[in-house]
Amino acid sequence: MAGTFGDPEIVEIDTDILFVGGGMAACGAAYEAVRWAGDDLKITLVDKAAMDRSGAVAMGLSAINTYLDGKTPEQYCQYVAADLMGITRDDLVYDVGRHVNDSVHLFEEWGLPIWKELEDGKRVDGASWQSKGGKSLADGGKPVHSGGWQIMINGESYKMIVAEAAKKALGMENIYERVFIVKYLLDKNNDNRIAGAVGFSNREDKIYVFKAKAILNVCGGAVNVFRPRSTGEGMGRVWYPVWNAGSTYAMASEVGAELTMMENRFVPTRFKDGYGPVGAWFLLFKSKATNAFGEDYLKENAHMCEQYAPYDKAVVMPSCLRNHTMLKEMKDGRGPIFMDTPTALAALAEKMDPTEYKHLIAEAWEDFLDMCIGQAGVWAGLNIRPEKSKSELIPTEPYLLGSHSGCCGIWVSGPKDIAPAEWEWGYDRMTTVEGLFTAGDGVGASGHKFSSGSHAEGRIAGKAMVKYCQDHADFKPEFSGTAKEFADEIYKPVRTYMEHKDKTTAEDINPHYITPKMFQMRLQKIMDEYVAGVATYYQTNGVMLNEGLKYLGMLKEDSENMRAKDLHELMRAWENYHRMWTGEAHLRHILFREESRYPGFYYRSDFLDLDEENWKCFVNSKVDPKTGEWEMIKRPHIDLVEKVYK
């Protein structure tokens, strides 16, 4: 054993397949890979958190947002492309669409309560349908839809149910929780082949070095890259998981994996201050959003979206264009924006008896208690009762993700039976680095997977990884460096703190280091003010972006001087390093794409129009692992499924 903090024990582990992450995609991959691997392959999972409450579904959900109930994968491709302004990989989206229902049926089999509509037309929650003669989805049961693709669940324990199946499949002896992987390693004999990963324990003074033939990179999207709206006592309140630090994108990019669509971001409209989701209120409760004077701004401002034809004519207006109309109201002084919950609930009450109405009000609260408890706290703290009080809505700070209403991520190989030759290089969901796979938030150009689609895509990747390892059974990964060298690199912030902490009387103020908290504030300020954050109403231009790139360069220099006085700060230091890397990728992509493809999410004020002729393409980037130089790439877009906007 090592001695004092700063002299960690080094644990070396050899495996065949390594899953990095513990969210829905990782759980799907674990469940599926074990089915195909047999006893021939060793499969290991390492998670920064604990699988029961890891990833975007950690707090629970009130709905499964992707279920093809009578719809086709082709229709799913059309829906996803419409919301993402026309640029998606149909092969990847179709592949999720044809597999996602099977994952949802598994969730119900494992115990997830899914609401049902009975033969008499009455809807019952997930705890009641069996006793009232309902059927499971697999047996033809009819789910309660909150939208065309969304079905209602009692989902507070959603992640725990899915994680339990993954843990049973893998065995706890093959799972390392509370271990944060911070760096991938390339093979000594092939500089474009993955060989392993290194990280550290969040609970013990230990470094972990994993050697693997294939790695699944599924660490979620990126939060807190931008300065959040919630500050002061609200600091830390965000919409997406606060621990998602862009590690998926940063670690892949560092070893040379090609990224795609990193200019894309999601700016969700959410209940103000609590970040509570609005989907069920719009779709299930049929509530309307209005400006301060009760006007339906979406209708009033519909003409604004004609500039972005044909996507303004989609059956469901794209998320970014809905934001676009809202932002005009706010900038013109017609805010705040309200969700008119009293009118919606009153209309529903007219069709219900008192018992049903009381249950409806309970559902209004449960929508948050299932997935965003903080919003229920805000309502209670501000004396808001949804049947009597309107609630404010506001667009959040930007998030970077690939499984929700966003499509940034990594360029991956598609399925052999669908993908054109330029999109397929051997193994499904493998990145351009051999042996490095991804899924969920990691896969770019294919959003709207949500929880169920991420699980299904994890299963697709897990199966492909087994095939890859079987085809490369003789491969023995080797590292260029030693475990001790890796440990020294990871613990550099600790060494920096130890060496310099006594040189000032206040340890947080020191010319020799920067705290992770202050580093994050600097990053967020740069991104907010120069890369289209809330400070500029999501607007930027080429000059601003180049200024931001200059300041990010200085920040990157200072990242060498981050300190860590304990394991928690060490985790924060590495998270913020990953956020910085992800932020730079995002900036470079926005700078390269000279149009405003996602108005309402961001605007290039020097290129406000949509340029279908020159920019209906994938914007990709690649970093040379040896030199750190960025290369920006245009890749042609191809429609495999006909798109109709009307």
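Here the structure is a predicted model, which means the values were calculated and not measured. The figures that follow rest on heavy atoms only: side chains count, while hydrogens, waters and symmetry mates do not.
Remark: Trp365 CH2 is packed, more than 12 non-hydrogen atoms of other residues, nucleotides or ligands lying under 6.0 Å away. The number of heavy atoms from other shown groups lying within 6.0 Å of NZ (Lys211) is above 12. More than 12 heavy atoms of other shown residues, nucleotides or ligands fall within 6.0 angstrom of atom CD in Glu173.
With 3.5 Å as the limit, one finds no donor-acceptor pair spanning the side chains of Asn202 and His568. Side chains of Asn154 and Glu366: a donor-acceptor N/O pair is present below 3.5 angstrom, by distance only. In the model, Ser62 has a side-chain atom that pairs as donor or acceptor with a side-chain atom of Asp367 under 3.5 Å. Judged by distance alone, the side chains of His99 and Tyr94 never bring a donor and an acceptor atom under 3.5 Å apart. With no hydrogens or angles considered, no side-chain donor-acceptor pair links Asn217 and Thr438 at under 3.5 Å. Using modelled atom types, one finds no donor on one side chain facing an acceptor on the other under 3.5 Å when comparing Glu254 with Tyr249.
Under the 4.5 Å side-chain criterion, counting only non-hydrogen atoms from C-beta, Arg89 is in contact with Trp423. At a threshold of 4.5 Å between non-hydrogen side-chain atoms, the residues Val443 and Leu92 count as touching.
Checked against a 6.0 Å centroid threshold, the rings of Trp149 and Tyr79 count as neighbours.
Applying the salt bridge (charged side-chain N to carboxylate O under 4.0 Å, His left out) rule to pairs touching residues 21-32 yields Glu32-Arg35, Glu32-Arg459, sequence neighbours excluded. Annotation: ring pair (Phe, Tyr, Trp, His ring centres under 6.0 Å) contacts involving residues 150-179, sequence neighbours excluded, comprise Phe107-Tyr158, Tyr176-Tyr208, Tyr176-Phe210.
Between Tyr31 and His455, the ring planes are tilted. Angles from 30° to 60° get that label.
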Under the criterion side chain to side chain contact (heavy atoms under 4.5 Å, CB included), I'd like the reasoning laid out for Ser201 against Met571: C-alpha separation, chi angles, the key distance, then a yes or no.
CA-CA 9 Å; Ser201 169; Met571 179 179 72; over 6 Å; no
Evaluation steps, salt bridge (Lys or Arg N to Asp or Glu O under 4.0 Å), between Lys449 and Asp441
CA-CA 9 Å; Lys449 289 167 275 199; Asp441 277 318; over 6 Å; no
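The structure places NZ of Lys167 at 6.0 Å from CD of Glu177, a figure rounded to the nearest 0.5 Å. Of the inter-residue distances, the one linking Trp425 atom CH2 with Trp411 atom CH2 reads 6.5 Å to the nearest 0.5 angstrom.
Using a distance-only test at 3.5 Å, with no hydrogens or angles considered, no donor-acceptor pair links the side chain of Gln375 to the main chain of Phe368.
With Lys213 as reference, Asp16 is the one residue of Asp16, Asp474, Asp40, Asp187 to meet the salt bridge (Lys or Arg N to Asp or Glu O under 4.0 Å) rule.
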